[in-house]
Novice: 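Structure incoming, see below.
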Amino acid sequence: MDPIVEVKDLTKKFGDFTAVDKISFSVGKGEIFGFLGPNGAGKSTTIKILCGIMMPTSGEGRVSGYDIITQQNEIKNVIGYMSQRFSLYEDLTIRENLEFFGSIYGLEGRTIRDGIKKVAALAGIEKRRDDLVRNLPAGIKQRLALGAAILHDPPILFLDEPTSGVDPLMRRNFWEIIYRFSEEGRTIFVTTHYMDEAEHCNRIALIISGEIIALDSPDALKKDFPYRVYSIATKDFIGAFKKIRGLDFVIEAAIFGSDIHILCEGGSRIRKRIDSFFRESGFHPYRINAVMPSLEDVFVSSARRFNL
Ligand SMILES: Nc1ncnc2c1ncn2[C@@H]1O[C@H](COP(=O)(O)OP(=O)(O)OP(=O)(O)O)[C@@H](O)[C@H]1O
Ligand SMILES: [Mg+2]
């Protein structure tokens with residue numbers, strides 16, 4: 001792997017509080033790398049440090065070959081960054097916004113005209129380029145903010161919860177744009193707390209309370225999952241759910257449509273114990289299937305192990 005981001009023992013403290021706690025990882029060129037974690041996990045803090053906006057308390061790192069402590073300005077010039085609370089100029093049009101952001105990056109003349117054409121096409125906003133931003137729906141604003149972040153054609157793009165608050169359809173649409181950008185050989189570093197979004201990444205780091213507790217591809221994380229997940233169908237699934245969630249071998253129970261999903265310790269006798277529960281408690285007929293854990297299962301149980 002040819003790394004474009006390398007971080008070692010990165011730590012950020014705010015007073016006595018440790019927001020990022022000795023994290024180490026690297027991101028390969030061309031990867032879509034995700035940071036998945038709940039509110040307050042330290043995702044935005046990490047991204048700000050990597051973008052040269054914030055100084056770490058300790059640790060070291062490089063982005064595109066530049067040192068995160070001594071070369072923050074160089075980093076700012078070679079990255080694209082879409083912040084969690086991005087701002088656009090509401091009283092300017094799409095084109096005027098792009099012209100403005102381009103000028104911040106020192107783009108002018110033909111370069112900026114060509115850049116705007118390219119990102120407007122990529123983001124699918126060219127038809128509305130003369131519309132005032134204030135009249136645009138949230139999904140289009142989001143695509144414009146993405147366009148503004150890649151106008152100077154950066155080799156690496158940092159996206160901090162880019163699709164929070166938009167509907168699943170818009171989210172999928174936004175990811176298609178990210179894939180197209182990634183196909184050009186660009187690296188994407190994205191934070192999220194949406195599981196479906198994390199599934200789009202080549203690799204993800206689970207971050208909780210400032211610590212990386214797991215890091216791998218979504219498939220590998222599911223494969224290494226130490227628990228078993230079963231899907232159970234029975235007529236009175238609500239009644240069965242109420243009882244089964246209280247059993248000592250059931251770590252987590254949830255209703256999925258009209259099925260019950262349970263998460264159990266990985267022991268070999270678990271299947272038999274579920275069977276005898278159903279036989280003895282009179283929920284008939286019933287059907288038990290072992291299912292692949294979802295990323296949500298992995299995440300919820302990992303968080304649980306960290307008492308969250
Ligand atoms: N400037 C600051 N001063 C003090 N505490 C801060 C500061 N910035 C962040 N924190 C705290 O550090 C922790 C991590 O914050 P951060 O914004 O990195 O979390 P996050 O993972 O991005 O969460 P969210 O999903 O809510 O955006 C939080 O507890 C937050 O309150
Ligand atoms: Mg954040």
Side-chain angles (χ1 to χ4, degrees), residues 4-5 27 29-34 47-48 50-53 63-64 73-167 169-192 197 200-202:
I4 188 164
V5 175
V27 180
K29 267 190 194 130
E31 251 194 307
I32 302 181
F33 187 88
I47 240 180
K48 285 180 205 159
L50 296 179
C51 290
I53 298 161
V63 172
S64 230
N73 284 335
E74 286 84 344
I75 288 177
K76 282 183 203 127
N77 287 329
V78 297
I79 59 149
Y81 170 49
M82 182 172 160
S83 103
Q84 191 169 357
R85 289 180 193 80
F86 63 82
S87 45
L88 297 165
Y89 291 89
E90 297 271 319
D91 53 348
L92 298 182
T93 64
I94 284 188
R95 192 169 40 79
E96 287 163 342
N97 265 278
L98 290 173
E99 279 166 358
F100 174 77
F101 287 107
S103 68
I104 292 182
Y105 287 113
L107 305 180
E108 47 192 27
R110 210 198 154 92
T111 326
I112 195 161
R113 277 199 304 280
D114 290 350
I116 290 178
K117 233 190 205 159
K118 191 177 164 205
V119 301
L122 183 74
I125 51 178
E126 69 271 65
K127 280 203 191 102
R128 306 193 68 162
R129 64 180 177 270
D130 294 316
D131 287 6
L132 282 182
V133 165
R134 89 162 81 90
N135 300 329
L136 299 173
I140 303 232
K141 286 185 189 173
Q142 222 126 9
R143 271 142 61 184
L144 169 58
L146 176 70
I150 57 177
L151 206 48
H152 57 305
D153 217 7
I156 178 162
L157 173 63
F158 290 91
L159 302 168
D160 196 359
E161 295 196 27
T163 66
S164 63
V166 305
D167 64 54
L169 215 60
M170 278 289 182
R171 207 145 76 213
R172 172 147 312 182
N173 184 292
F174 190 89
W175 270 90
E176 279 164 17
I177 302 168
I178 294 178
Y179 278 134
R180 257 178 270 147
F181 187 65
S182 153
E183 276 163 12
E184 295 175 7
R186 306 308 148 93
T187 309
I188 320 271
F189 185 107
V190 59
T191 76
T192 184
E197 199 153 77
H200 290 297
C201 301
N202 302 124

Novice: Just verifying a value: how many Å separate N173 CG and D167 CG, rounded to the nearest 0.5 Å?
Specialist: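 One finds 9.5 Å between CG of N173 and CG of D167.
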
Novice: At what distance, to the nearest 0.5 angstrom, does NZ of K48 lie from CD1 of I53?
Specialist: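 Answer for the NZ-CD1 pair, K48 versus I53, is 7.5 Å.
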
Novice: What pairs of residues pass the salt bridge (charged side-chain N to carboxylate O under 4.0 Å, His left out) test when at least one of them lies in residues 76-87, not counting sequence neighbours?
Specialist: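 Qualifying pairs, neighbours excluded: none.
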
Novice: Can you list the steps and then say if R129 with T93 is a side-chain contact (heavy atoms from CB on, under 4.5 Å)?
Specialist: CA-CA 7 Å; R129 64 180 177 270; T93 64; over 6 Å; no

Novice: Calculate, to the nearest 0.5 Å, the distance between atoms CG and CG belonging to N97 and L88 respectively.
Specialist: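 Rounded to the nearest 0.5 Å, the CG-CG separation comes out at 5.5 Å.
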
Novice: Donor-acceptor pairs are to be reported for all side-chain atoms of residues 98-109 against protein atoms at under 3.5 Å, with residues two or more places apart or in another chain.
Specialist:
from : atom 1 : to   : atom 2 : distance (Å)
E99  : OE2    : R95  : NH1    : 3.4
S103 : OG     : F100 : O      : 2.6

Novice: Can you tell me how far apart SG (C51) and CG (D160) are? Round to the nearest 0.5 Å.
Specialist: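 Going from the SG atom of C51 to the CG atom of D160 covers 8.5 Å.
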
Novice: Can you tell if the side chain of V190 reaches within under 4.5 Å of the side chain of C201, non-hydrogen atoms only?
Specialist: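 Side-chain contact under 4.5 Å: yes.
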
Novice: Could you tell me which residues satisfy ring pair (Phe, Tyr, Trp, His ring centres under 6.0 Å) with H200, sequence neighbours excluded, listed by chain and number?
Specialist: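 Residues passing ring pair (Phe, Tyr, Trp, His ring centres under 6.0 Å) with H200: W175, Y179.
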
Novice: What heavy-atom pair brings F174 and Q142 nearest, and what distance separates the two atoms?
Specialist: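 It is CE1-O, 3.7 Å.
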
Novice: Let me confirm one number: the CG-CD1 distance from L157 to I188, rounded to the nearest 0.5 Å.
Specialist: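 One finds 5.0 Å between CG of L157 and CD1 of I188.
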
Novice: Specify the closest pair of heavy atoms between A149 and P154, including all atoms of both residues, with the distance to one decimal.
Specialist: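 For A149 versus P154, the nearest heavy atoms are O-CG, 3.8 Å.
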
Novice: Got a donor-acceptor contact below 3.5 angstrom from the T191 side chain to the E161 backbone?
Specialist: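 Flag set: sc T191 to bb E161 pair under 3.5 Å.
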
Novice: For residues I79 and H152, report the shortest heavy-atom separation together with the two atoms involved.
Specialist: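 In this case the closest contact between I79 and H152 is O-NE2, 2.7 Å.
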
Novice: Who passes ring pair (Phe, Tyr, Trp, His ring centres under 6.0 Å) against F33, sequence neighbours left out?
Specialist: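 F25, F189.
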
Novice: Who are the salt bridge (charged side-chain N to carboxylate O under 4.0 Å, His left out) partners of K141, not counting sequence neighbours?
Specialist: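 Per chain and number, K141 pairs via salt bridge (charged side-chain N to carboxylate O under 4.0 Å, His left out) with E90.
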
Novice: For G30 and S182, which heavy atoms make the closest approach, and how far apart are they?
Specialist: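 The pair with the smallest heavy-atom distance is O-OG, 4.3 Å.
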
Novice: Does the side chain of L146 come within less than 4.5 Å of L159's, by heavy atoms?
Specialist: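 Side-chain contact under 4.5 Å: yes.
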
Novice: Looking at CZ of F158 and CG of L50, how far apart are the two atoms once the value is rounded to the nearest 0.5 Å?
Specialist: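 Nearest 0.5 Å value for the CZ-CG distance: 5.0 Å.
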
Novice: Judged by atom type as modelled, is there a donor-acceptor pair below 3.5 Å linking the side chain of T163 to the main-chain atoms of V166?
Specialist: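 Not at all, since once roles are kept as given, no pair shorter than 3.5 Å links the two residues.
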
Novice: Which pairs of donor and acceptor atoms, one on a side chain in residues 112-128, lie under 3.5 Å apart (sequence neighbours left out)?
Specialist:
from : atom 1 : to   : atom 2 : distance (Å)
D114 : OD2    : R110 : NE     : 3.3
R128 : NE     : D131 : OD2    : 3.0
R128 : NH2    : D131 : OD2    : 3.4

Novice: A side-chain contact here means heavy atoms from C-beta on lying under 4.5 Å apart; do E176 and R172 qualify?
Specialist: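 They are in contact (side-chain heavy atoms under 4.5 Å apart), so the answer is yes.
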
Novice: Where is the tightest heavy-atom contact between I94 and V133, given as atom of each residue plus distance?
Specialist: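 Nearest pair, atom of I94 first, then V133: N-CG2, 4.2 Å.
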
Novice: Locate the shortest heavy-atom distance separating P162 from M82; write the atom from each residue and the value.
Specialist: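 Closest pair (atom of P162, atom of M82, distance): O-CE, 3.9 Å.
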
